[in-house]
Structures are given as structure tokens and as C-alpha cells.
Amino acid sequence: MDARDNHYHPQAIEPALQAEWDSANAYCASEDATKPKFYCVSMLPYPSGKLHMGHVRNYTISDVMSRQLRMRGFNVLHPMGWDAFGLPAENAAMKNNVPPAKWTYENIAYMKKQCKAMGWGLDWSREVATCDPAYYKWNQWFFLKMLEKGIAYRKTGVVNWDPVDMTVLANEQVIDGKGWRSGAPVEKREIPMYYLRITDYADELLANLDKMDGWPSEVRLMQKNWIGKSVGAEIHFPYDEDSIGKSGVLKVFSTRPDTLYGATFMAVAAEHPLALQAAQHNAGLTAFIEECKKGGVTEAEMATQEKKGMPTGLFCLHPLTQKKLPIWVGNYVLMGYGEGAVMGVPAHDERDFAFAKKYELRIQQVVSWPQREIPPSPPLSKGGAESGGFADQWQDWYSDDGVAIASEDFTGLTTAQFKEKVGAVLSAIDLGGPRTTFRLRDWGVSRQRYWGTPVPIIHCADCGPVPVPYADLPVVLPEDCVPDGSGNPLNKRDDFLKCACPKCSKPARRETDTLDTFVDSSLYFMRYASAGAPTMVDARNDYWNPMDQYIGGISHAILHLLYARFWTKVMRDMDLLKYDEPFTKLLTQGMVLNHIYLRKNDKGGIDYHAPDSVEAKHDEHGKVAGYVSKLDGKPVEYNGVGTMSKSKLNGVDPQEIVDKYGADSARLFVMFAAPPELTIEWSDAGVEGANRFLNRVWRFVSGVTDVKATFDWKSSDATNQSPVDSGWTPQAVPEGDRDRLKRDLSNIRNARLELHKTLSQATFDYGRAQYNTVVSACMKMLNTLEKVPTDSPAGVALRAEGTSILLRTLYPVTPHITTALWRQVGYEKLHGSLLDAPWPEVAADALQQDEIELVLQINGKTRGKVTVPSKATREEVEELVRADETVLKYVGDATIKKVIVVPGRLVNVVI
RNA sequence: GCCCGGAUGGUGAAAUUGGUAGACACAAGGGACUUAAAAUCCCUCGACCCUCACCGGUCGUACCGGUUCGAUUCCGGUUCCGGGCACCA
């Protein structure tokens, strides 16, 4: 770091600075009531082995934000932890025959080293790993609290069952309806599990979304749709002993109770009690119900499968007409949603329409629309097409609101009026009434897996499931098990399994299910804030939270964020914290993708080629015409972009980039490539460009001298020391080019205007976290400063002013190089560390202009520019424009209809 | 299937949210420096037309249509790509 050395060596400056920050605890935050706080968190990573580019992007975004706001005077907390439980550790354990714990802790150690090498200013004193008993004790503690309050409860739930490996499979482990290891067709199976009553909070989770203006609107909309509030009616269809063998009602929920008279059949889920009852004496139906159990449990799979049904032979009565309606079993009816049964209204519901067409069920129109009519079609070949229109093809408007027809007393009512009235009518005859439902389902937290937080329950033959006493927490997970793919290895561990019932002290069996990892990630940001607290949270939690800024992948838009919101509300209701929503602002970052190249081999298989082994061939216009392998020169096929993965050979190891170009170059590129929300496609060429820019910064700042004498940027009257007033006159500019004259940056005033305009843009863009244009602003600053002449005091002064601005503006993105230069130039001795340097201010005098250029449009087409005094009023501008040569030329004999003046921007003359 | 996004030069993108489309870069091409290379610096760079050249013109933000003096931006429709769908995290 010799001041005269003209070369930038990241390998020399980066590790040294990192060690310095480390030993000075430069990023350890403490609660300080004298400053505004800023709590900034990137979603904690899963310790998969090495950092990937997505992590680099995520933590660089939060680091840039944290560093900039610290300069703006905030007390910043930027902590880090590890989402250490989960499936991948079990898979790695099976593959390598090592316990998940060992694998996980080794990964954490390595990745932590990598984090430090990236120069992220993280407060490691608050680090958590969710697999640490001291951490998951609080999962267990709060689970028991929720059990006490009735928020956690036990009921059966449906899981994927691999009948060969005799194990529960995650959705990810079901491929094309088959177990990923056994290849056996997967079945649905019902088992007892614990659930959390998130649906009790559905209304608040929904209502608050409107107020959460720090969240992207699309995320709020996704959550709103996910919660899925539907207002409608519950309708009871009675049945009696004659038709079913016992009397009762078949309950359904409908958002369109106004189509009640159009119900021509009922459909129930395969697991519905009536379906099971009917199947007892019906072998065909039994087989059909068995068939419905095949396949996985995901909604996507359910929704895309072919809609099938079978009549149960049972009937119920229409609550208002007393007509008999056949009850069918339909594979598209979900037991988990509503009542597990629906009324079929084929004329006004697309799904029912398709079902009715397939099984030739009656279609009865009960809504009409002015100027629209469902075209009648021929009667059915079989079944009872008695009346009503019957269209061949579903039209979207069949489900539109309209006016009721063929609906007895309701006929003539609008859809809204009908809905309003029908609830009361149903209530009066005790066959239903108005009702609101949610799509949201309670949160199933039991996992039949080893590597997770043990559910703190003991099963006693006499007492049933008994909570582990609080004093016995945490229930510690044995860390030396190696799963083998055939169920939870805890079931083979007597030292874990065998215990005494806390109630009756008889021998009992410990629960071997573990908690969903979404539980871990619902409280980690509170444990950061209350690091080391002997309670779940302490007063420090209410200092730091609610979090000011949360940053993570858009892929977490629903589940994680919704669960964490719910968890916070439950804690609030137990008086553990004082706020309603955990995340004030949310930034959802895009993914980092890379190109995929492949070649089909002789056997019909696919060989992938690493992007850096592929070369693009260009045609004469510079357009890419094709790709060849650098290894054999033969063509390869381009297969678009995708997430980085080992199998596609398109992963980029951030470590290689750090080793080659340094962390600052990697950080700069990742920030420059795209705004945080957008997907990035990786490009090595871009990293080199970033590195070249940093080299230029190094060379430029190394050439700046006399920073102390000529310009004291920190002095309060800095704006009065405008270099323009310091006696230097602009050099002559070649004749003939007015535009060029205006933009000539060897003119000190122009250059300083440009510098401060750019600073103003950079500051604005920091505020909206658009870091790609922040980097671009820094590049513009350097471009400007490099053109400033060195042969005048004003030029020297401007270069000094510019250097102090550039280093501070660039610092949050590339802290190493800027800190090194800050010292080299001598600012650290003068003004202290860059860590807490004040954010540069835009000098008002630099932005003053006597004349400004407005864009001139004639009829909305750009026809040139007009120069007007910057203080000109709208009327004065209009007057100037009416006299402008260009305007006169275009107007000719025509008359000017009006002149639109957009102050400071443009003038549009309408002819 | 349902919900939410996205699409701008050869490439990544910008346009402070209705006001000059392509800032800032990457790649490419040309030039300077150099014995040479690297590094560095300078110039050109959306398409088409006119022109010796300058000047100038037309088109152009996935596609079709609309609102507006003016649309990458707002509205309706279409196509393709990405994310989520409750046990990947």
C-alpha cells in the first residue's frame, strides 16, 4: 500500500482490512438510544457447503445498505446466522455416511470464512445456528406455549408415502408421482400431526397487508390471494334414512349462493365420510377412491390431473326445491378446503361445466345477462336433459354476475341482491347461512424426519401425548445419527425414545417427529436482537424490531414471510413483544442465473458444457451466430438460462472470482449487473469490467495530491469555496459545436455541475436501493473527474472535492479499495474512518444554472432543443418558443393550437 | 390448473414512475502508444433511407388494439419466459 504504487492489488489490501475490522469489532452493534436505529437482515442461508452467487448478491445488497445508512448516522445492526436444519443435510449424510451434524458444522465454518472474505460488515457476535440446542430450545418452548393456548393442536394430515422405503417423502422427493429412491408409485396417507392455527389470524394477516407499504405490491397481492378470503354462504343439503341410511346434512360452501337453483349434482372428496360410507357396499367406488389416493399431495398435481368422478348412488335434497340431487365423488374436490364437498352448478362454474359435460349431467341456467344468451344445444343422449340451455363450449362470461332466472321467488334479482337475501333465507330454515371462508389452511409443523427440532412431546400409553415440562427443555437431538432413507433414525435410538411420562412416571415413548424448518426461520431475527438472552426475547428485541429492512429471494414471498408474520402476532398476544408486523420494509431480490450449453451425444443423452468452455461465433454484424466448444472446436447448442447447478456445469464459484479479482470486484459486478429485484444472468466479462473500473479509480486517486490544502469538503462553508470563484478561467473550446461547449468538462463549472448532479442521482438511488445506477453514477463521476485539468488551482481543488465524494459514494459497494485510498490520500488522519464518514452533501451552488435546455416537440415529435433562462415562467417560455426559428419553420402557415410546457423538461407545440 | 412477475440494441441495462428511448457498462470494429504483447488512451456502435460529407428523414421498447398533445410507462387482449402452489429452503 505504498502511496506511490500505481497498481491496485486486492489480494494485498482486502485480507488486511478484514482482519482489522474483525479485531476492532467494527460491525458489532449495541443498543444506543441517542441514534436512530436501522435493523437490516438478509434471509439466513442454508449451509449447503459453499457460498453461491445468490448468497453473494443477497448479503452484498444488505451490506451496501447497512454501510450507507451507517454513514447517514444510523445505528445499524446487520447480523448473520445459519438455517442449519433440513433435508439436504440428511441427503449428504446418506451419500457420505457422515452424521448431518458434522456435515452442517463443517459447512458453517467454511462459509463463515467466505463471508469474511467478501468483506461483509456482519455482527458475528449475534450469530445463530438453528441446529444449536441453545437456539431450538425456544422453538420448543414456544411450541409448548402455543399448545397451552390451543394455538397448536393435533389432528390427522395427508402425506406422501413411499410404500417400498416405508417412509414419508417430501414433495421434492416425489418425481412424476414416484419415490425418488425406490421408484415406487407414491400414495397419500393420513397420519396424526401437530398444526398451528394460522387461520385464527387470517383476518389480521390480510387486513395489515393494506398498510404494509414498505412491501412490494406484488408480494402483498400474492399473500392476499394465498389467504384467499371468500364471502359466500354455507348451504346444507339434507338427506334422510331413505336415501342414505341415516339422516343428516351435506354441508357445502359457495361464493355463488345465487346459483343455488342451478345446482344439479353434488361432488364430495374421496376422503369424505359419505364417500367412504357409500363405498362399503360398492366395489367400483372403493376402487375409485383407492385410485384417488395415488399420486402426490401438491396442489399443482391435484389441479392439473384429469377431472374424474363416480356416482355414489346416494342422493340429497335441494334445500329450497326439495329436488333430489345425485352425490358424486370427484377427484377435484379437496378435503382440506371448505367442507370437502361442493354443489355442482355446471351452467355457471367452469370446473362443474367440464365435469357435467364429461358425465352427461344436467346443466341448468339460472343467471341471465342483457344482450347475452347461452345458446341451446341438443338434449343429452342419456341422463336427464330436461330443460335449460346447454352450451357446447364454456365461455368465461357464463360465470359473470347477472340477473336470476328460474329461481322461484329470487327470479329477477341481481346477483348482488340474491346473495344478500339468500343467507337469511337459509338461516331461517336452519339449512345454512352467510359465511366467510379462507383458502389459507392451518400450518402443519410435524415432520417425520431426523434433522430438525424435536417436538417436545412424550407419548404415554395411559396419559396420551404429554408436553415435556419446561424445566426439561431443550429436548436435545442426538447428533450422531446417520439416516439411511428408510424412515426417521430416531425410532431406532432407545436412549432418545425411552423416557418416563411426566404425568404418571410410567415408561413412555418420546415423540420422534421434528418441527418444520419454517419454525426455525420464524424467530431467528428476534434471537439476533436478543442474542444470548436467557428468555426467548428480552427488551433488546423491542429496540431493534420491527426490522427496518428485510432482504431475500422472491421465492419466499408467501410461506416464510407469512409464517413469520403469524408467529410475531402470536408472540404479541402472549405479551412477548410490542409490535404487530415483523418486517417494515421488504426487498425481494432476483435470482442469479447462468447460461446453459449442451450437446446431444450418440446415445441420445445430453452432455452439458461449462459456459467458460464455450465460445460465441459472431457474424459480420457482430451478432452471435452460434457457439463452439473451446475444447474440440465443435458446435454446442445454447439452451437458455437457468439456475446454477452442478449437473448443468454452469455454476460459478464466487471463491474463484474473489481469488482472481478480489471481493470488491465481485461485489461491484453483482451490484452493477441489474437492480436488486431483477434476475441476473452471469457474465465473466462483466467482472473484468468491474475490475478495470476499480483499477482506474486506484490510478486516479493515487494521482490526486494536495487534498488538504485546497479544499476542505467537511468544512461547513464548503459550498462557499466553489472552485469556480478561485480565479481560474475556462480554456478556449474549439469553435463550432455548441452542444460540446456546454458539455465540455474541462470547464470547471460544467464539471462541478456534472459531479454534483451525479452525486444527487447516486444519493437518490441509494435511497431506493437501486444499486446498479449507483455504480453507474460512480463511473460517471470518475469519467468527469478524469477530464478535469490539473494545471489550475480550481482544477486541483475540484479533483480533491470529487475524490472525497467519489470515495464515499463508492465505499458501501467496494469498502476495501475505498478505505485503502481514503487512507492513502490522507483523509483518515484528517477526518477519521470511512466507516463513519458523513454522507457527501450535494452543493446547491454547483447545481445553479442560468440557462437550461428544454426539449422541443412539435405535435409530440422531438424536433430539437430550446435554451431558456432557468427562471423563466411558463408564459415566458411559451413566448420564447413561439418566436423560435425551428418552431416557425415547422409551423409554416398552420396555426398553433396550444403550447404545453413541462417545467425544466420540455415544450410541446400542438399545431 | 391457479396466483404473482418479466420481455427495451450483438449483451447487461437506464429513463427519479406519462415528457429527448438506449445513460452507464460489456462485447465488437477502427485508431494511438509499443520492437512486440499486455495494460492504457481515443473514436464508431438500434434498423432503414437520403447525402461525397455535413445536414436531414422514417421506423423502433415481445405481439395486436385503445386512452393522451405526448405511452417503455396507463387500459384491454395475445404469445413466450421466470417464481410460488403449503414436506426444498
Side-chain angles (χ1 to χ4, degrees), chain A residues 43-46 48 83 85-88 157 159-160 168-174 216-219 221-222 224-226 228 297-305 307 332 336 351 440-444 446-449 516-518 521 553-560 562-563 588 590-591 593 616 618-619 621-624 640-642 672-675 677-681 683 685-686 688-690 692-693 695-696 699 760-761 764-765 767-768 770 772-773 775-780 783 853-862 864-865 897-900 902 905-911:
Chain A
M43 289 178 188
L44 82 178
Y46 181 79
S48 54
D83 191 13
F85 275 138
L87 203 53
V159 294
N160 302 304
V168 175
L169 296 178
N171 287 336
E172 190 191 50
Q173 297 171 316
V174 179
S217 54
E218 67 267 24
V219 175
L221 189 55
M222 276 191 259
K224 185 185 170 187
N225 292 336
W226 184 263
V297 298
T298 66
E299 191 186 289
E301 204 176 324
M302 307 290 275
T304 49
Q305 69 189 350
K307 313 236 173 328
Y332 68 97
R351 221 171 29 182
L440 182 69
R441 308 201 293 262
D442 275 343
W443 175 12
S446 295
R447 296 291 177 271
Q448 296 67 46
R449 245 179 283 295
D516 182 7
T517 54
F518 279 124
S521 53
I554 181 74
S555 46
H556 296 288
I558 295 172
L559 291 179
H560 161 58
L562 196 63
Y563 290 145
T588 48
M591 295 190 305
L593 305 179
H618 297 270
D619 64 14
H621 303 294
K623 279 194 183 182
V624 175
V641 291
F672 184 48
E677 287 85 354
L678 240 70
T679 302
I680 290 186
E681 288 163 23
S683 148
E688 279 172 41
R692 268 205 292 274
F693 169 69
N695 267 299
R696 267 175 67 206
R699 261 181 278 121
S760 162
Q761 188 213 318
F764 178 82
D765 287 340
R768 58 171 178 168
Q770 190 170 291
N772 58 327
T773 47
V775 173
S776 133
C778 292
M779 290 171 169
K780 281 184 195 173
N783 289 347
E853 274 184 337
L854 299 182
V855 171
L856 174 65
Q857 293 188 338
I858 313 281
N859 284 345
K861 278 195 191 278
T862 305
K865 289 171 186 170
K897 260 164 74 182
K898 66 176 163 178
V899 178
I900 293 155
V902 182
R905 281 197 182 267
L906 64 67
V907 203
N908 187 12
V909 180
V910 185
I911 305 172

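Values below: all heavy atoms of this structure, side chains included; hydrogens, waters and symmetry mates excluded. On a predicted model such as this, the values are computed, not experimentally measured, just so you know.
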Identify whether any heavy atom of A/Val159 sits under 4.0 Å from a base atom; if not, whether one sits that close to sugar-phosphate; answer base, sugar-phosphate or nothing. base

Judged by modelled atom types alone, do A/Thr773 and A/Asp765 share a side-chain donor-acceptor pair under 3.5 Å? yes

Can you tabulate the close N/O pairs, meaning under 3.5 Å, that link protein atoms to atoms of nucleotides 54-61 of chain B?
residue: B/G57; atom: OP1; partner: A/Arg863; partner atom: NH1; Å: 3.4
residue: B/G57; atom: OP1; partner: A/Tyr890; partner atom: OH; Å: 2.8
residue: B/C59; atom: OP2; partner: A/Lys861; partner atom: NZ; Å: 3.3

Of the nucleotides B/A86, B/U40, B/A89, which one has an atom closest to the side chain of A/Arg692? B/U40

Measure from NE2 on A/His556 to P on B/G83 and round the result to the nearest Å. 13 Å

Under 4.0 Å between any heavy atoms, over every strand shown, what does A/Val910 touch: base, sugar-phosphate, or nothing? Just pick one. sugar-phosphate

Could you state the atom-to-atom distance from CH2 of A/Trp443 to C1' of B/C85 in whole Å? 17 Å

Grab the two heavy atoms, one from A/Ala557 and one from A/Val219, that are nearest each other, plus how far apart they are. O-CG1, 3.7 Å

For the residue pair A/Pro88 and A/Tyr46, what are the closest heavy atoms and their distance? CB-OH, 3.4 Å

For a quick check of understanding: with a heavy-atom distance under 4.0 Å over all strands, which category does A/Phe764 fall into, base, sugar-phosphate or nothing? base

Going by a 90° cut-off around 0, is B/G9 syn or anti? syn

Rounded to whole Å, the CG-P distance (A/Asn695 to B/U40) equals 7 Å

Residue pair A/Leu678/A/Lys898 against RNA chain B: nearer the 5' end by closest nucleotide is A/Leu678

Nucleotide B/G6, atom C1' - distance to CD1 of A/Ile680 in whole Å: 15 Å

Between A/Met591 (CE) and B/G84 (P), how many Å, whole number? 7 Å

What is the distance, rounded to the nearest whole Å, between atom CG of A/Asn772 and atom C1' of B/U16? 13 Å

Quick check: on RNA chain B, is the nucleotide nearest A/Trp226 upstream (toward 5') of the one nearest A/Arg905, or the reverse? Name the residue that is more 5'. A/Arg905

Using a heavy-atom cut-off of 4.0 Å across all strands, would you classify A/Arg696 as base, sugar-phosphate, or nothing? sugar-phosphate

Quick one: label A/Ile900 by what it contacts on the DNA or RNA (base, sugar-phosphate, nothing), any heavy atom closer than 4.0 Å. base

At less than 3.5 Å, do the side-chain atoms of A/Gln857 and the base atoms of B/G19 form a donor-acceptor pair? yes

In terms of base orientation, is B/U78 syn or anti, with the syn window spanning 90° either side of 0? anti

Can you check the A/Ile558 CD1 to B/C88 P distance for me, whole Å? 14 Å

Might you confirm whether atom CZ of A/Arg905 has over 12 heavy atoms from other residues, nucleotides or ligands at distances under 6.0 Å? no

Between P of B/A86 and CD of A/Glu172, the distance in whole Å: 12 Å

